[in-house]
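For reference, the structure discussed in these notes is given below.
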Amino acid sequence: MSLVNDGWIKTTCAYCGVGCGVEARPKLSGELEIRGDKSHPSNYGKLCTKGIALGDTVIHDGRLLTPIEKSQSGDKILDWDSATQLVADKFSHAIERYGSDSVAFYVSGQLLTEDYYVANKLMKGFIGASNIDSNSRLCMASSVVGHKRAFGSDTVPICYEDLEHADMVILVGSNLAWCHPVLFQRLRTAKQINPDVKIVVIDPRETENNTIADYHLALNSGSDVALFNGLLHFLNKHDHLDHDFIQSSTNQINQALAAAESDDDRLESTTGLTRKQLNRFYQDFAHSDKVITVYSQGVNQSSIGSDKVNSILNCHLATGKIGQVGSGPFSVTGQPNAMGGREVGALANTLASHMEFDNSEHQALIREFWQTDRLATKPGLKAVDLFDAMADGKIKAVWIMATNPLVSLPDSAKVKAALEACPFVVVSDCIADTETSRMADLLLPAQGWSEKSGTVTNSERRISRQRRIMPSPGMAKPDWWIISQVARKMGYHDAFRYRHEGQIFAEYAQLSTLGNNNGERDFTLSGLTQLDEQGYNQLTPQQWPVTQLQTETTNQRLFSNGEFYTANRKANFVAVHHREPQTACNDNFPLLLNSGRTRDQWHTMSRTGLSARLAEHKPEPYVQIHPTTAKEHSVKAHQLVKLHNAQGECLARAEISEQIQPNQLFLPIHWNNATAKNSKPCNLIAPQTDSHSGQPEFKHTPVALTVCQHQSRATFASRTALNFNSLDYWARQKIAEGYLYHIESTLSADKLANYLKSRLKHNIERLVSHQSSEGSARFRFIALTADRVEQAVHVQPIQDEQRISELTDILSTRFNQESESEILLSL
């Protein structure tokens with residue numbers, strides 16, 4: 001496999017856990033051409049809308065270019081030596097005065113494995129605490145718990161190609177079409193080739209998945225355990241269990257069967273499904289030889305997420321539909337390197353290389369390998385608990401890397417209070433202005449995608465290289481380099497002498513072999529321990545376990561021999577019961593809010609928000625509302641509404657749709673205070689978590705809804721980013737050559753027009769303005785310099801039903817002085 005061909009460089013996508021291979025080629029203009037890598041086994045050349053638009057996001061708009069120390073007296077630019085020394089001094093001082101548990105790292109599934117490894121090594125191995133947790137806690141922690149309880153290890157056993165060999169594919173709590181589009185494309189193609197493949201969608205709302213589904217089970221929110229317990233009971237009652245597999249390869253089925261039977265009496269009322277619907281699903285599962293169950297955040301992001309996972313795993317274990325071609329449970333990860341973080345132990349409750357705190361031999365192996373006497377010996381604080389401790393004054397210094405917890409964690413107000421209470425907050429990021437970076441005492445410029453180099457691991461355990469393609473802007477550095485510099489200044493010089501990321505990978509691969517010569521653990525990279533620098537640079541995709549360098553594509557299924565990673569090598573059934581979510585709708589908050597992703601945006605939009613073509617799909621925050629619910633609450637399409645509860649409030653544009661059930665709402669997670677005013681879903685979400693995994697309940701939030709009583713609305717196009725926080729609502733959309741602001745206000749149209757006119761640039765050559773007749777009260781302003789528009793504004797009353805001009809092309813259009821009237825007419 002050629003890594004460079006005609007200037008095309010092979011790398012890996014920066015977004016979801018599919019881990020698509022990408023080929024990128026720099027243009028002389030500084031732009032980046034993107035195409036899918038046809039040789040990569042994850043996608044074979046296919047890319048989704050976000051992957052195709054990767055080149056749009058490598059612009060330098062909004063980049064953090066230098067280390068910046070922030071204080072009340074003003075911002076101060078630092079050199080790297082001073083910045084890393086400051087971090088080392090502050091963390092060392094806190095440790096000396098308050099102990100090692102007084103400091104913390106909060107890291108990200110968007111770090112590369114080498115970054116993750118060095119961060120975990122510093123915190124657990126040399127600081128001697130386990131207060132390092134990842135935003136992956138928010139997306140797959142419940143799957144980790146479920147896997148470990150059932151399998152004795154955090155193992156995803158399947159391969160992507162199993163989707164193409166299954167007789168039945170179940171999509172439960174997974175909007176695969178929008179969140180993992182390339183896998184959905186593979187599944188859609190498999191259905192086209194073999195129409196007999198049964199595809200079942202299990203989700204409270206209708207999604208794009210339904211376009212290829214045989215049927216949709218719109219179960220009640222939070223009732224997944226009851227549904228799959230009902231399946232397990234059906235399989236037992238109708239003699240569809242694989243008794244040979246159960247006897248040879250599992251433990252404790254009787255307890256699980258008893259729990260499943262006890263839930264059966266209330267099955268219809270709990271799930272909201274009819275007995276006919278249930279029996280169809282159960283019979284299809286029973287009579288399909290090869291079944292894949294794909295699950296994601298709809299299962300994991302729950303106060304009983306771990307039990308939901310085990311209810312699914314129980315059904316696969318009971319029928320032996322695991323470890324074989326076309327069969328198995330499939331946890332799809334949400335981030336590009338969530339799996340890599342699990343491998344290196346960058347969660348508060350794990351060590352490294354799938355080794356565990358409660359195993360003294362594992363502790364001894366790592367202690368000796370890292371040559372440290374300070375290895376942490378107990379789990380640390382999980383994400384929500386970590387920020388609670390920070391709010392209570394127990395965390396004196398925190399380092400946040402490549403993530404935005406003030407947007408992504410539940411109970412945003414408390415997270416903000418926690419960061420305000422922490423004496424020293426460091427943020428490493430490639431973006432200068434995020435909600436979290438605004439709370440930092442020190443900002444450190446990290447490399448972004450296309451600049452950094454290392455590895456990521458996707459949802460089928462396949463390790464791929466991300467390669468450096470573009471130069472780093474300003475003083476941006478790799479995260480592993482920044483962490484290593486701080487570690488050395490803290491006195492741990494010998495353990496962090498890395499010159500390049502290949503050395504880190506070699507150490508990480510070697511660590512995976514410790515005490516693992518006979519496959520005691522699922523994860524090993526023993527076949528990669530002899531890679532030299534050239535071998536690492538040329539590394540092709542490798543699916544772990546890697547016992548020898550893979551020169552051709554492999555598809556390894558784990559558990560195919562019926563052996564697992566428990567003490568007796570048998571899988572455990574876990575008895576689970578349905579429990580209602582911790583919060584319920586009531587008279588004050590009668591509507592149930594579900595949250596998730598939209599098709600063309602990613603997490604908090606810090607990268608995808610830089611692409612004009614991605615912004616076209618959904619330019620503003622929106623909330624899906626069923627027509628009946630909309631009528632009951634006097635909501636019309638496209639009106640701005642306010643969702644609110646005891647936690648806070650959130651503004652969004654009403655999208656009336658029968659895809660959502662009555663009295664339920666769906667709100668995307670992407671917008672926040674950096675891209676819209678008061679439109680952050682986590683303002684509403686309570687910090688309820690799964691007691692086993694620490695994963696928050698993002699899918700079940702009671703709220704109320706009211707229509708915003710605004711008088712005027714406007715669009716404001718500008719070549720530079722602006723601040724409209726004095727207004728009631730604004731949302732920012734990237735357009736060609738600038739930004740478009742969607743604005744609503746309680747001001748009258750004329751007052752809003754006067755205010756926005758005052759925000760026009762003062763260094764313009766001329767201003768063109770127009771006011772419609774008093775009856776319509778429409779206002780238009782255009783600021784021109786030479787032959788181009790610098791800014792453009794259109795204002796009208798809220799009750800004016802004529803759709804306001806979007807101005808999406810105004811900045812890229814060239815005009816002359818004679819065509820000014822034409823400009824106004826174009827608004």
Side-chain angles (χ1 to χ4, degrees), residues 64 68-72 75 90 94 102-108 131 133-135 137-138 381-429 431-444 593 595 603-606 621 642-652 667 669-689 694 696-698 701 703 723-726 728-732:
L64 180 60
I68 299 174
E69 183 179 10
K70 300 169 67 178
S71 67
Q72 292 182 347
D75 294 350
K90 291 287 189 178
S102 70
V103 300
F105 293 169
Y106 187 62
V107 294
S108 167
N131 289 340
D133 210 37
S134 169
N135 61 11
R137 178 71 57 191
L138 312 181
L381 296 169
K382 301 181 180 76
V384 172
D385 296 334
L386 176 63
F387 282 84
D388 285 348
M390 202 181 302
D392 293 338
K394 297 175 183 176
I395 303 296
K396 305 300 182 181
V398 63
W399 190 348
I400 298 167
M401 306 177 195
T403 187
N404 196 359
L406 193 44
V407 175
S408 57
L409 280 172
D411 196 355
S412 297
K414 188 164 188 179
V415 176
K416 184 175 182 181
L419 292 171
E420 288 173 336
C422 188
F424 187 61
V425 177
V426 185
V427 174
S428 301
D429 207 325
I431 301 298
D433 183 30
T434 69
E435 282 200 54
T436 303
S437 70
R438 294 173 186 176
M439 308 299 297
D441 298 293
L442 180 64
L443 294 174
L444 301 176
L593 177 67
S595 67
H603 284 198
T604 63
M605 294 175 64
S606 57
K642 179 173 74 173
L643 312 180
H644 55 97
N645 60 14
Q647 296 295 127
E649 61 183 46
C650 177
L651 303 180
L667 184 68
I669 62 173
H670 312 291
W671 284 269
N672 57 83
N673 289 341
T675 49
K677 183 173 181 181
N678 203 17
S679 295
K680 183 170 54 173
C682 283
N683 286 341
L684 302 164
I685 296 171
Q688 311 287 358
T689 61
E697 177 98 74
F698 284 109
T701 300
V703 299
N723 182 330
F724 291 110
N725 282 338
S726 61
D728 301 281
Y729 167 82
W730 60 267
R732 188 179 75 194

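Given the structure is predicted, the values throughout are model-derived calculations rather than measurements.
When atom types are taken as modelled, the side chain of Ser606 and the backbone of Ile431 share no donor-acceptor pair closer than 3.5 angstrom. In terms of modelled atom types and a separation under 3.5 Å, the side chain of Ser679 and the main chain of Lys677 share a donor-acceptor contact. The main-chain N or O of Met605 is never found under 3.5 Å from a side-chain atom of His670 such that the two would form a donor-acceptor pair. Proximity of a side-chain donor or acceptor of Ser108 to a complementary backbone N or O of Ala402 within less than 3.5 Å is detected. For the pair Asn135 (side chain) and Leu138 (backbone), a donor-acceptor distance under 3.5 Å is absent. Using a distance-only test at 3.5 Å, with no hydrogens or angles considered, a donor-acceptor pair links the side chain of Thr675 to the main chain of Asn672. The main-chain N or O of Phe698 is found under 3.5 Å from a side-chain atom of Ser595 such that the two form a donor-acceptor pair.
Contact annotation: the side chain of Leu419 never approaches that of Cys422 to less than 4.5 Å [non-hydrogen atoms, C-beta and beyond]. Side-chain contact check for Val427 versus Tyr106: every heavy-atom pair is 4.5 Å or farther apart.
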* Where do Asp411 and Gln647 land on the side chain to side chain contact (heavy atoms under 4.5 Å, CB included) test, with the steps shown first? -> CA-CA 7 Å; Asp411 196 355; Gln647 296 295 127; 3.4 Å; yes

* To do: Carefully, step by step, assess Phe105 and Asn131 under the rule side chain to side chain contact (heavy atoms under 4.5 Å, CB included).
  => CA-CA 6 Å; Phe105 293 169; Asn131 289 340; over 6 Å; no

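For residues 435-444, the pairs satisfying side chain to side chain donor-acceptor pair (under 3.5 Å) are Asn404-Thr436, Asp433-Arg438, Thr434-Ser437, Glu435-Asn673, Glu435-Lys680, with sequence neighbours left out.
Interatomic distance, Ile400 CD1 to Asp429 CG, rounded to the nearest 0.5 Å: 10.0 Å. Leu442 CG to Ser71 OG: the interatomic distance, rounded to the nearest 0.5 Å, is 11.5 Å. The CH2 atom of Trp671 lies 15.0 Å from the CG atom of Asn678; values are rounded to the nearest 0.5 Å. Separation of atoms CG (Leu684) and OG1 (Thr701) is listed at 7.0 Å; rounding is to 0.5 Å.
Figure legend: Lys90 and Phe424 shown as a cation-pi pair, the cationic atom lying under 6.0 angstrom from the six-membered ring centre and within 45 degrees of its axis.
Looking at residues two or more places apart in sequence or on another chain, you find a salt bridge (Lys or Arg N to Asp or Glu O under 4.0 Å) between Lys642 and Glu649. Applying the salt bridge (Lys or Arg N to Asp or Glu O under 4.0 Å) rule to Arg137 yields the partners Asp133; only residues at least two apart in sequence or on another chain are considered. Qualifying ring-ring contact (aromatic ring centres under 6.0 Å, His included) partners for Phe724, counting only residues two or more places apart in sequence or in other chains: Phe716, Tyr741. Ala432 is linked by a side-chain contact (heavy atoms from CB on, under 4.5 Å) to Leu64, counting only residues two or more places apart in sequence or in another chain.
Between the side chains of Asn723 and Trp730, no donor-acceptor pair of N or O atoms lies under 3.5 Å.
Across every non-hydrogen atom of Met401 and Trp399, the tightest pair is CE-CD2, 3.5 Å. Nearest heavy atoms, Ser408 versus Cys682: O-SG, 3.5 Å.
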Which atom pairs, donor and acceptor, lie under 3.5 Å between side-chain atoms of residues 381-397 and protein residues at least two apart or in another chain?
| from | atom 1 | to | atom 2 | distance (Å) |
| --- | --- | --- | --- | --- |
| Asp388 | OD1 | Lys414 | NZ | 3.3 |
| Lys396 | NZ | Gly393 | O | 2.7 |

